[in-house]
Peer 1: 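My questions will all concern the structure given below.
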There are 4 protein chains.
Amino acid sequence: MGEAKTPDASRRSERSRQAILKAVVEQVGEVGYTRLTIEAVAARAGVGKQTIYRWWPTKGALVLDAFLALLGEPAALPDTGDVARDLKVVMRATLVELVNPRFELPSRALTAETQMDPALAKQFVDALMRPNLEATKARLRVAQRAGQVAEGVDLDVAVELLFGPVYHRWLLRTAPLTERYADTVVDYVLAALRPPGPPGSAG
Amino acid sequence: MGEAKTPDASRRSERSRQAILKAVVEQVGEVGYTRLTIEAVAARAGVGKQTIYRWWPTKGALVLDAFLALLGEPAALPDTGDVARDLKVVMRATLVELVNPRFELPSRALTAETQMDPALAKQFVDALMRPNLEATKARLRVAQRAGQVAEGVDLDVAVELLFGPVYHRWLLRTAPLTERYADTVVDYVLAALRPPGPPGSAG
Amino acid sequence: MGEAKTPDASRRSERSRQAILKAVVEQVGEVGYTRLTIEAVAARAGVGKQTIYRWWPTKGALVLDAFLALLGEPAALPDTGDVARDLKVVMRATLVELVNPRFELPSRALTAETQMDPALAKQFVDALMRPNLEATKARLRVAQRAGQVAEGVDLDVAVELLFGPVYHRWLLRTAPLTERYADTVVDYVLAALRPPGPPGSAG
Amino acid sequence: MGEAKTPDASRRSERSRQAILKAVVEQVGEVGYTRLTIEAVAARAGVGKQTIYRWWPTKGALVLDAFLALLGEPAALPDTGDVARDLKVVMRATLVELVNPRFELPSRALTAETQMDPALAKQFVDALMRPNLEATKARLRVAQRAGQVAEGVDLDVAVELLFGPVYHRWLLRTAPLTERYADTVVDYVLAALRPPGPPGSAG
DNA sequence: ACCTAAACGAGACGGTACGTCATGTCTTTTT
DNA sequence: AAAAAGACATGACGTACCGTCTCGTTTAGGT
């Protein structure tokens, strides 16, 4: 029929795939995303250009894949019973990653690219952001059940209250991203989410 | 001698400048930022390429200029005495602009571009974001003096608590940007910033 | 050991061979020799590319084979006793073939290709030209024995005198190839070859 | 209108043109016509590919131009009063050129290419063959007026009788191209063209 | 009838070149 | 002196084929 002919993944060369992803990571590190070319990646990976075009639709998808391969499993979110402490752990971890020179460039590149390419955006968010956000949400749900967060709070909003300010500062570079900043944000947000206490319960 | 030859701005053709900025806006609207080319802009504006290269250093700077010309003066922030109501006005205005199809594409494009180009980023933030942020900060300062915001609050952080979540949702497209959302964010943030009340003042 | 592994012709698939030659003929007819690709031939014939590379060394050889399969046996040269008439029959037949649209394209393609590939040239001449030339030479030998052609004439040269002009016109397209032209050439050449007659025999 | 935009020849870089033609000649000499690539020519000439594509429509046209630049003016045909001698001079000259290693490769390449490209063929014939053929025809006309060639002879045909056999042998490589062969052809052809003499005038 | 080695279809692969597009620089001509 | 026009060297694009190389899958002989 009219279907586009899809390559046969079972015949795919794992060797080439690895070489390509490695080349992408190196190349992004050296010349940045904008000046990264498929041609250079192919050359560095010792691979035909077609092999790249066969398996990745765009430069963005390629870099996303390379970045995913670079990242390990996301650190699990702890539950010590102390919401503030636990949330500060995630926020600091997020922040450390955003600031890590190894990840910063590709992160910015992908963030930029996703602004222009919604399909890539979905992949990007699902693969890299969602897990973190969901884990945080889960932790907040526990806190909510424990009465540390008000019952009526929409946890999706809560998560955005936490991450939003950090990304805002990272994106706009309006001020340095410090762990102190992350902690402050957590404290403010938890204050906002706290259930209305009985008289005298507010610290 | 070794000085870079700077063009003489007094001889600049206003006619060409206007035509170029107009062409850029149209072009971005039609093919998006990525596929916008200097060549096409020059052709559409009936202008030599050199005229563009003479006055703008990069594509990003060109689009930024075009975008600035497109925007009017930012709406002034009201002071009705009701902080919540006033902040909701700004936040809603911000949001409406982010969602306006006429501005969304260039905004995303510039946001993307600034990730890769810190010099452009500074211009972008100073020209487009800072005024809004500063106005908001000023309003919060008034509130702080009026005792509606706790004394110890760092107002720069406060501003980020407000705008961060909105931009987060806009950038990641995790959920629709509604005025209700803006209002909710304002309410939460003000709750967090509220000064510790006397027993019984909460709720 | 170092022997090149030769394919076992006894196991060759006649079905594939036919399909390939058919595909070649069709393909040459549709897109011409230059734009004929092994890939397209394989696809059209429903055959793996390797099957073509296994049995034919070059595109030229492949097309030559396809062309040979297309051609029937060469018409035998008559001997009516009248040299002029007999030669005109061959020359006209040659000409008809050169002008036949079914054969013209591949003929030109092969003629072209042989200019660049002497090995193919030999095959081409031996298979397609030589028989005709030899038959003509044989007829001239008979004529020579019959005293219609001078004794000293080198018959190889005689044959070239006949065919040369016709091919010249075909190759250079300097004028249309008509049967009248073929006849004229035969007449002139026979005049040149005629033995020196006794006084009064000329005319 | 719908006209294709033609480059402005007055701005053409003579420097680049020369470098390109030189590179083509060298490249053809080294790797032959088939393996000559635009890319390699551009690289060797220190020129952008586009500069080649801007001024020449096909590889064939490019090589033809290069070949024309290589050739000097064609030697003028002498008129000593002795037709046979004069014609032998042209034929030998033709032959020498065909056999000259410097010219043979490009000549064969162009002859081949013209088989597939009638437009190029016209240029090729007009520029390289026609002058020679016309000169020969002119000489024959003189001979005809002098009564050395029969009145009724179509001189275009006569020219083909002369050149056809030589090209035939060159193209098919059926036998070595010698000056003796050229002379023989001239003698036969003149014999064929001779006017019917009075008794005793032959020999 | 079974076994085994080949030829086979399919198609991924490393390459090379294609012809096009846009870059930023340069030069020529016009205003 | 700036501007319109556009040729230029450069370099990447994405595509088309090349000829080689696996992959299973037929398909013939040889047993």
Side-chain angles (χ1 to χ4, degrees), chain A residues 5-13 15-16 19 35-43 45-55 57-59, chain B residues 5 7-13 15-17 19 35-43 45-55 57-59, chain C residues 5-13 15-17 19 35-43 45-55 57-59, chain D residues 5 7-13 15-16 19 35-43 45-55 57-59:
Chain A
K5 137 176 77 177
T6 329
D8 180 349
S10 75
R11 306 208 150 200
R12 182 165 187 182
S13 159
R15 204 178 170 291
S16 294
R35 281 197 292 275
L36 173 140
T37 66
I38 300 289
E39 206 129 81
V41 170
V47 138
K49 279 199 286 176
Q50 203 59 29
T51 301
I52 299 181
Y53 285 112
R54 185 155 31 232
W55 301 110
T58 62
K59 196 168 96 167
Chain B
K5 155 176 59 177
D8 177 349
S10 75
R11 306 201 140 221
R12 181 167 188 182
S13 158
R15 202 178 171 291
S16 294
R17 190 178 152 272
R35 282 197 290 275
L36 173 143
T37 66
I38 301 291
E39 206 123 88
V41 169
V47 138
K49 281 198 289 175
Q50 202 56 254
T51 303
I52 299 180
Y53 285 113
R54 184 154 31 232
W55 300 110
T58 64
K59 195 168 99 170
Chain C
K5 152 174 62 177
T6 326
D8 178 348
S10 77
R11 310 201 127 202
R12 180 166 189 182
S13 159
R15 201 177 171 290
S16 294
R17 190 178 152 271
R35 280 197 292 273
L36 173 142
T37 67
I38 302 290
E39 207 125 85
V41 169
V47 139
K49 280 200 287 176
Q50 202 58 257
T51 303
I52 299 180
Y53 285 113
R54 183 150 38 228
W55 301 110
T58 63
K59 193 167 100 168
Chain D
K5 137 178 76 178
D8 179 348
S10 75
R11 307 206 145 199
R12 181 166 190 180
S13 159
R15 204 179 170 289
S16 295
R35 280 196 292 275
L36 172 142
T37 67
I38 301 289
E39 207 128 81
V41 170
V47 138
K49 278 199 287 177
Q50 204 62 14
T51 301
I52 299 180
Y53 285 113
R54 184 153 33 232
W55 301 109
T58 62
K59 195 168 97 169

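A note on names: the letters A, B, ... follow the listed sequences, proteins ahead of strands, and every chain is numbered from 1.
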Peer 1: Mind listing the N/O atom pairs, protein and nucleotides 16-18 of chain F, below 3.5 Å?
Peer 2:
from: F:dC18; atom 1: OP1; to: C:I38; atom 2: N; distance (Å): 3.2
from: F:dC18; atom 1: OP2; to: C:I38; atom 2: N; distance (Å): 3.2
from: F:dC18; atom 1: OP2; to: C:E39; atom 2: N; distance (Å): 3.1

Peer 1: At their closest point, which heavy atom of D:T37 faces which heavy atom of D:A40, and how far apart are they?
Peer 2: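 Taking every non-hydrogen atom into account, OG1-N, 3.0 Å.
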Peer 1: Kindly confirm or rule out a cation-pi arrangement of C:R12 over C:W55, judged by NZ or CZ under 6.0 Å from the six-membered ring centre and within 45° of its axis?
Peer 2: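 Here C:R12 passes the 6.0 Å and 45° test against C:W55.
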Peer 1: Do any N or O atoms of the protein come closer than 3.5 Å to N or O atoms of nucleotides 28-31 of chain F, and which pairs are they?
Peer 2:
from: F:dA28; atom 1: N3; to: C:R11; atom 2: NH2; distance (Å): 3.2

Peer 1: Closest nucleotide of DNA chain E for A:A9 versus for B:P57: which of these residues is on the 5' side?
Peer 2: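 Its nucleotide being nearer the 5' end, the pick is A:A9.
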Peer 1: What is the distance, rounded to the nearest whole Å, between atom CG of D:D8 and atom P of E:dT30?
Peer 2: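 Computing the D:D8:CG to E:dT30:P distance gives 11 Å.
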Peer 1: What is the distance, rounded to the nearest whole Å, between atom CD1 of D:I52 and atom P of E:dT20?
Peer 2: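 One finds 13 Å between P of E:dT20 and CD1 of D:I52, rounded.
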Peer 1: When you measure from the side-chain N and O atoms of D:W55 to the phosphate of F:dA7, is any distance below 4.0 Å, counting only OP1 and OP2?
Peer 2: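 False: D:W55 side-chain N/O out of range (4.0 Å or more) of F:dA7 OP1/OP2.
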Peer 1: Once you round to the nearest 0.5 Å, how far does OG1 of D:T58 lie from CD1 of D:I38?
Peer 2: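 Rounded to the nearest 0.5 Å, the OG1-CD1 separation comes out at 8.5 Å.
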Peer 1: How long is the line joining CZ of B:R17 and C1' of F:dA3, in whole Å?
Peer 2: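 Rounding to the nearest Å, CZ of B:R17 and C1' of F:dA3 are 16 Å apart.
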Peer 1: With sequence neighbours left out, what residues match A:Q50 under side chain to side chain donor-acceptor pair (under 3.5 Å)?
Peer 2: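 Side chain to side chain donor-acceptor pair (under 3.5 Å) check on A:Q50 returns nothing, list empty.
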Peer 1: Test of understanding: with salt bridge (Lys or Arg N to Asp or Glu O under 4.0 Å), list the residues that count as partners of B:K59, not counting sequence neighbours.
Peer 2: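 Here no residue qualifies.
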Peer 1: Taking side chain to side chain donor-acceptor pair (under 3.5 Å) as the test, write out the residues that go with C:S13, two or more places apart.
Peer 2: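 Here the qualifying residues are C:S16.
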Peer 1: Look at atom CZ of D:R54 and say whether more than 12 heavy atoms of other residues, nucleotides or ligands are closer to it than 6.0 Å.
Peer 2: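 Enclosed: over 12 neighbouring heavy atoms sit under 6.0 Å from CZ of D:R54.
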Peer 1: Please name all residues satisfying side chain to side chain contact (heavy atoms under 4.5 Å, CB included) with B:A45, sequence neighbours left out, ordered by chain then number.
Peer 2: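 Expected list: B:A19, B:I20, B:A23, B:V47.
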Peer 1: Verify the contact: side-chain N or O of B:S16 to OP1 or OP2 of F:dA3, cut-off strictly under 4.0 Å; return yes or no.
Peer 2: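 For B:S16, the contact criterion (side-chain N or O under 4.0 Å from OP1 or OP2 of F:dA3) is not met.
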